[in-house]
Amino acid sequence: MDNNDKILTDIWDLLNLTSDYLATGYLKDHSGLKISTDSLEKIAEEISVCTKCKLCESRTKVVPGTGAIKPSLMIIGEAPGADEDRTGLPFVGRAGQYMDKWMDAIGLERDKHIFLANIIKCRPPENRDPGSDEIAACLPYLERQINIIKPDIILSVGKIASQVLTGRNEGIGRLRGQVYKYEGTSLIPTYHPSGVLRNPEEYRKPVWEDLKQVKVYLDNKNSQ
Ligand code: SF4
């Protein structure tokens, strides 16, 4: 192959790569392996200007999610509340601080071992439940985040997040106590910390059971 042929072949390869990327969002390396070009920063940028549902009209700040780059645990809640909407950070209110204590009890730290996110990235007014259209519009962001982060295990907190991720309609009291799979990742549902703060007598014990299950799972994984 002379020099001109080589240049033409390289241009042809480049055009194919570009076409693959535009069609799939992935690049393929020379061995044909898929290389994701998606990133948490790119997703956060898209969310920051997102107008895919009407929650964009009432939000103060978007709350894409934050935490460790390669976390053991990903915690997924329903949607930002007032404190999160004001700061742009997930789980920073009283419930979030309470959840830090849960994590402390199983030896995990927020920025070291955990990535925190919500199903919905903008606050629903008056903390109402998100509509199914809003969930459908926003869920692809979370799916992309999970695909990049690849946590060892997911803890869904509260009814809505747990229903969306398990694909089931039962209340959280019936959903919890089992391990599910979400996109190939193990998932444990539990109560939302704000619910536990409202009714500690009823919910503290089952939450502790769920957290112990998370710990056993991670301990087993680490010892493999
Ligand atoms: S809630 Fe999600 S889909 Fe709706 S505007 Fe915010 S980022 Fe976009």
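In each ligand, atom 1 is the first atom listed, and ligand 1 is the first ligand listed.
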>> So that I can tick it off, tell me whether E57 and K54 are bridged by a salt bridge, with the cut-off set at under 4.0 angstrom between side-chain N and carboxylate O.
In response: no
>> Tell me the nearest of C50, P80, A137 to atom 7 (S) of ligand 1, using heavy-atom distances.
In response: C50
>> Taking 4.0 Å as the limit for heavy-atom contacts, which would you say applies to E134 with ligand 1: side chain only, backbone only, both, or neither?
In response: neither
>> So is K54 touching ligand 1 or not, going by heavy atoms under 4.0 Å?
In response: no
>> Let's go through E170 and R168 carefully: what are the C-alpha distance in whole Å and the side-chain angles of both, what is the deciding distance for salt bridge (charged side-chain N to carboxylate O under 4.0 Å, His left out) to 0.1 Å, and is it a yes or a no?
In response: CA-CA 6 Å; E170 297 100 309; R168 294 171 58 161; 2.6 Å; yes
>> We want to know whether K150 and T185 form a side-chain donor-acceptor pair, criterion being a heavy-atom distance below 3.5 angstrom.
In response: no
> Have Q97 and D100 got a donor and an acceptor in their side chains that come within less than 3.5 Å?
Replying inline: no
Which ligand 1 atoms, with their elements, are less than 4.0 angstrom from a heavy-atom of [X]?
| X | result |
| --- | --- |
| C56 | 5 (S) |
| R59 | 5 (S), 6 (Fe) |
| C138 | 1 (S), 2 (Fe), 3 (S), 7 (S) |

> Does the shortest distance from atom 2 (Fe) of ligand 1 to an N/O/S atom of C53 fall below 2.8 Å?
Replying inline: no
> What is the nearest protein non-hydrogen atom to atom 6 (Fe) of ligand 1, stated with its residue, atom name and distance?
Replying inline: C122 SG, 2.3 Å
>> Would you say that I135 contacts C53 through its side chain, given a criterion of any heavy-atom pair below 4.5 Å between the two side chains?
In response: no
> Yes or no on salt bridge (charged side-chain N to carboxylate O under 4.0 Å, His left out) for K101 and D104, after CA distance, side-chain angles and deciding distance?
Replying inline: CA-CA 5 Å; K101 292 185 182 167; D104 197 36; over 6 Å; no
